[in-house]
Amino acid sequence: MEHDAHGKPGWVVAADGGRPEGRNCSHLEQPAPGTGLPGAAGCAECAARGTTWVHLRACLTCGHVGCCDSSRGQHATAHHERTGHPVARSAEPGEDWAWCYADEVFLRPAP
Ligand SMILES: [Zn+2]
Ligand SMILES: [Zn+2]
Ligand SMILES: [Zn+2]
């Protein structure tokens, strides 16, 4: 299936009751869910250390898969801090939200 990389944004800012209204994100042109994401087998950095993770996040810029902030390694956040890649989506089955580290907003797929 073909997807248009220069089409409309793949994401919109999600309503978040715990945060002020009107926050924006300048990274909505990231690939929409289901486009070009690798299979998330696990957190490679945890696997290398022999530790476990709780949930997985996938970087929308490069496809890096790391563990969430509830995990001991927090490798998804570490990846953002190392690379500056702004957005990671949930790599959990059935979850389609993403988090923008730069703007600190939740994103959901554009309708
Ligand atoms: Zn953003
Ligand atoms: Zn990890
Ligand atoms: Zn990345």
Side-chain angles (χ1 to χ4, degrees):
M1 199 174 78
E2 200 172 10
H3 88 275
D4 181 0
H6 304 288
K8 66 188 175 92
W11 299 86
V12 295
V13 175
D16 184 341
R19 291 173 184 276
E21 296 286 318
R23 295 177 71 104
N24 215 332
C25 172
S26 50
H27 310 94
L28 300 177
E29 303 285 338
Q30 306 285 333
T35 55
L37 266 183
C43 177
E45 285 140 289
C46 282
R49 287 170 173 76
T51 56
T52 56
W53 56 86
V54 180
H55 297 299
L56 296 174
R57 307 283 177 256
C59 175
L60 288 184
T61 304
C62 71
H64 171 274
V65 174
C67 52
C68 71
D69 285 353
S70 301
S71 309
R72 208 179 341 158
Q74 303 186 350
H75 289 125
T77 298
H79 174 76
H80 159 70
E81 288 173 352
R82 190 168 63 240
T83 62
H85 295 166
V87 184
R89 67 157 291 174
S90 171
E92 297 298 311
E95 294 188 1
D96 59 3
W97 55 267
W99 171 254
C100 178
Y101 292 101
D103 297 306
E104 299 190 318
V105 290
F106 281 105
L107 307 178
R108 60 182 172 80

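Just so you know, these numbers use all the heavy atoms, side chains as well, and skip hydrogens, waters and symmetry mates. One-based numbering, in listed order, for ligands and for the atoms of each.
- Atom CD in Q74 sits 7.5 Å away from atom SG in C67 (nearest 0.5 Å).
- The nearest N/O/S atom of D103 to the Zn ion (ligand 1) is OD2.
- One finds an angle of 110° at the Zn ion (ligand 3) between SG on C59 and NE2 on H79, to the nearest 10 degrees.
- Here the rule is side-chain contact (heavy atoms from CB on, under 4.5 Å) with R89, and of L56, L107, D96 only D96 fits it.
- Vertex the Zn ion (ligand 2); arms to C46 SG and H75 ND1; angle rounded to 10 degrees, 110°.
- Shortest distance from the Zn ion (ligand 3) to H85 is reached at ND1 (N/O/S atoms only).
- Around the Zn ion (ligand 2), the two atoms SG of C43 and SG of C67 are separated by an angle of 120°, to 10 degrees.
- For H27, the N/O/S atom at the shortest distance from the Zn ion (ligand 1) is named ND1.
- At least one N, O or S atom of C62, from either the backbone or the side chain, sits less than 2.8 Å from the Zn ion (ligand 3).
- Of all heavy-atom pairs spanning H85 and H80, the tightest one is O-ND1, 2.8 Å.
- V87 and Q30 get closest at one heavy-atom pair: CG2-CG, 4.1 Å.
- Between H27 and D103, the closest side-chain pair of non-hydrogen atoms falls below 4.5 Å.
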